[in-house]
Amino acid sequence: MASTNTLPYIGTLLQGPRNAITDVEGVTVGHRTLDDGPVQTGVTVIRPHARDPFRDKVPAAAVVINGFGKSVGLVQLEELGVLETPIALTNTFSVGTVATAQIRHCLASNPESGRSLPTVNPLVFECNDGFLNDIQRLAVTEADYLGALENAGADFAQGSVGAGRGMSSFQFKGGIGSASRRVSSPCGEVHTVGTLVLANYGRQPQLVLAGHAVGERLAAQNTPECREPEKGSIIIVVATDAPLDARQLRRLALRAGAGLARTGSVFGHGSGDIVLAFSTAYTVPDRVDRPMPTIAMVHDGLLDGLFQAAADSTEQAILHALWRATAVTGRDGNHRAALSEVLPPSTLSSFAQSCVLP
């Protein structure tokens, strides 16, 4: 397997120290991975900060690029523009279980939620990992969500882990990938944009790596399955420390679609493509007797750098998900090879040399 040092670098913006979503200060990520024969699945949790998000809500917005998905929490998120729980990723049939776990966790800290306090809005995104995972077993438990939450840290694994354990992308092994980019404003401020993807999408003939259309050549060496219609999904989570409101965060989320498209996605009929963007620059209090923040937002005319960072970090995160994933055999002997097993390291190295490194 080739070293990740051979990976092409997307764009010209500088990365953060980890080249991950956790380069946005305060953001942490945790996994719980289930790897037991036909059970190949898990949970991934993204915490926007270390405090209780029910009390200190985070501004956020979402964009549904293609709505073939079964997520929980998007309606209220669109209306109010804030997160009230950590962001959870899992498989399609585990959304309800994980949402219940989020509610119970909130009630443990806020026992008046649903009584004297408003109900909590759980936020769970999903992709269908049923090719590798026996999804009918409903193997994910509330304890798995809590385990992922407790394990959240600044350093985290990528590839075939957590919610990404059973995911497929371009008929290869998909999963979790992350990247970050830093943006200098004309005023001298430096902001970070970090992205995490749950990659479970794409038809192999359409695969593009760092501008190189390699999919048709790879598909010619594989099975007729590569000609089937799009059946997957991708969840993209974009974090930034730039002070943006929910309207601006929706605009930022939309630009992640540019990075997704560069990899060969056409947002196919059967694909659930959803982007969530949030800012850590300030929080919104839960009670009316607590003061609202006074924040100078970034001017709309200065958003282009952040838009570029969202697109570039999304494309880079998808590349990381594909390359860092390890091969998995799961339900009924179904198998997904890792991209690193079939793409010669020399080929990827040549791609890397053709890219502009900052």
Candidate pair L89 and L196, rule side-chain contact (heavy atoms from CB on, under 4.5 Å), full reasoning: CA-CA 11 Å; L89 311 176; L196 182 143; 3.7 Å; yes
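- No side-chain heavy atom of V72 sits under 4.5 Å from any side-chain heavy atom of N121.
- A 4.5 Å side-chain heavy-atom check between P38 and N133 finds every atom pair outside the cut-off.
- Residue K173 holds its NZ atom at 6.0 Å from OG of S168, rounded to the nearest 0.5 Å.
- D241 and T280 share no side-chain donor-acceptor pair at under 3.5 Å.
- Of the possible polar contacts, none joining the S271 side chain to the F267 backbone as a donor-acceptor pair under 3.5 Å is found.
- Side-chain atoms of P53 and P86, non-hydrogen and from C-beta on, do get closer than 4.5 Å to each other.
- Within a 6.0 Å sphere centred on NE2 of H335, other residues, nucleotides and ligands contribute more than 12 heavy atoms.
- The shortest heavy-atom contact between A210 and P8 is CB-CB, 3.6 Å.
- Heavy-atom contacts from other residues, nucleotides or ligands closer than 6.0 Å to NE2 of H105 number 12 or fewer.
- Side-chain atoms of L252 and L244, non-hydrogen and from C-beta on, do get closer than 4.5 Å to each other.
- Residue R47 qualifies as enclosed at atom CZ: its count of foreign heavy atoms under 6.0 Å is above 12.
- Contact of the N151 side chain with the H31 side chain is not registered, since no non-hydrogen atoms from C-beta on lie closer than 4.5 Å.
- Of the charged side-chain nitrogens involved, at least one lies within less than 4.0 Å of a carboxylate oxygen, so that D56 and R290 count as a salt-bridged pair.
- Looking at Q206, its side chain never comes within 3.5 Å of a backbone N or O of V266 through a donor-acceptor pair.
- Here the side chain of H212 pairs no donor or acceptor atom with the backbone of V214 at under 3.5 angstrom.
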Test side-chain contact (heavy atoms from CB on, under 4.5 Å) on V183 and V190; report intermediate values, then the result. CA-CA 5 Å; V183 181; V190 177; over 6 Å; no
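- If you take CG on D144 and CG on L149, they are separated by 12.5 Å, rounding to the nearest 0.5 Å.
- Counting only heavy atoms from C-beta outward, the side chains of F54 and L117 approach each other to under 4.5 Å.
- One N or O on the side chain of N128 and one on the backbone of G130 form a donor-acceptor pair closer than 3.5 Å.
- No single ILVMFWY cluster, assembled from side-chain heavy atoms under 4.5 Å apart, contains both V63 and F68.
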For a side-chain contact (heavy atoms from CB on, under 4.5 Å) check, start with the C-alpha distance between T329 and L132, then their side-chain angles and the critical distance, and finish with the verdict. CA-CA 7 Å; T329 300; L132 290 173; over 6 Å; no
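- The two residues T28 and A152 make their nearest non-hydrogen contact at OG1-CB, 3.6 Å.
- A donor-acceptor contact under 3.5 angstrom links the side chains of D300 and Q248, judged on distance only.
- When every heavy atom of G174 is checked against every heavy atom of S160, the shortest pair comes out as O-OG, 4.3 Å.
- E142 CD: more than 12 foreign heavy atoms inside a 6.0 Å radius.
- A salt bridge is defined here as a Lys NZ or Arg NE, NH1 or NH2 lying under 4.0 Å from an Asp or Glu carboxylate O, and R262 with E315 meets this definition.
- F93 and L34 end up in different hydrophobic clusters when Ile, Leu, Val, Met, Phe, Trp and Tyr side chains are linked at under 4.5 Å.
- The backbone N or O of A261 lies less than 3.5 Å from no partner atom in the side chain of S265, so there is not a single donor-acceptor pair.
- Within the 3.5 Å criterion, the main-chain N or O of P118 finds a donor-acceptor partner in the side chain of S113.
- A donor-acceptor pair is defined here as one N or O able to donate and one able to accept, closer than 3.5 Å; such a pair exists between the side chain of Q316 and the backbone of I10.
- When the side chains of ILVMFWY residues are joined at heavy-atom separations under 4.5 Å, either directly or via intervening members, L218 and L319 end up in a single hydrophobic cluster.
- Screening D312, T192, T22, D23 for a side chain to side chain donor-acceptor pair (under 3.5 Å) involving S180 leaves a single residue, D23.
- Just one residue in the list V197, L207, T263, L343 forms a side-chain contact (heavy atoms from CB on, under 4.5 Å) with L322, and that residue is L207.
- Atom CD1 in I87 sits 9.5 Å away from atom CD in Q102 (nearest 0.5 Å).
- Around the CZ atom of R247, the shell of radius 6.0 Å holds more than 12 heavy atoms that belong to other residues, nucleotides or ligands.
- One finds no salt bridge joining K57 and D286 here, because no Lys/Arg side-chain nitrogen approaches an Asp/Glu carboxylate oxygen to under 4.0 Å.
- Panel note: side chain S178, backbone T195; a donor-acceptor pair is recorded below 3.5 Å.
- Judged purely by atom type and a 3.5 angstrom limit, S279 uses its side chain to pair as donor or acceptor with the backbone of A242.
- No side-chain donor-acceptor contact under 3.5 Å links N91 to the backbone of D129.
- The ring-ring contact (aromatic ring centres under 6.0 Å, His included) test applied to Y201 returns F170, not counting sequence neighbours.
- N110 and D52 share a side-chain donor-acceptor pair at under 3.5 Å.
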side-chain contact (heavy atoms from CB on, under 4.5 Å) evaluation trace for T283 with R51: CA-CA 10 Å; T283 58; R51 304 185 303 282; 3.3 Å; yes
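- Cluster annotation: V238 is not connected to L123 through the hydrophobic network of ILVMFWY side chains, with a link wherever side-chain heavy atoms come within less than 4.5 Å.
- Linking Ile, Leu, Val, Met, Phe, Trp and Tyr residues whenever their side-chain heavy atoms come within less than 4.5 Å places V27 and I235 in a single cluster.
- I236 places none of its side-chain heavy atoms less than 4.5 Å from the side chain of L276.
- T240 places a side-chain heavy atom less than 4.5 Å from the side chain of L249.
- Around atom CD of Q136, no more than 12 heavy atoms belonging to other residues, nucleotides or ligands sit under 6.0 Å away.
- Stacking of R181 on the aromatic ring of Y9 is recorded, both the 6.0 Å distance cut-off and the 45° axial limit being met.
- Among R165, R336, R331, the one residue that satisfies the side chain to side chain donor-acceptor pair (under 3.5 Å) test with Q40 is R165.
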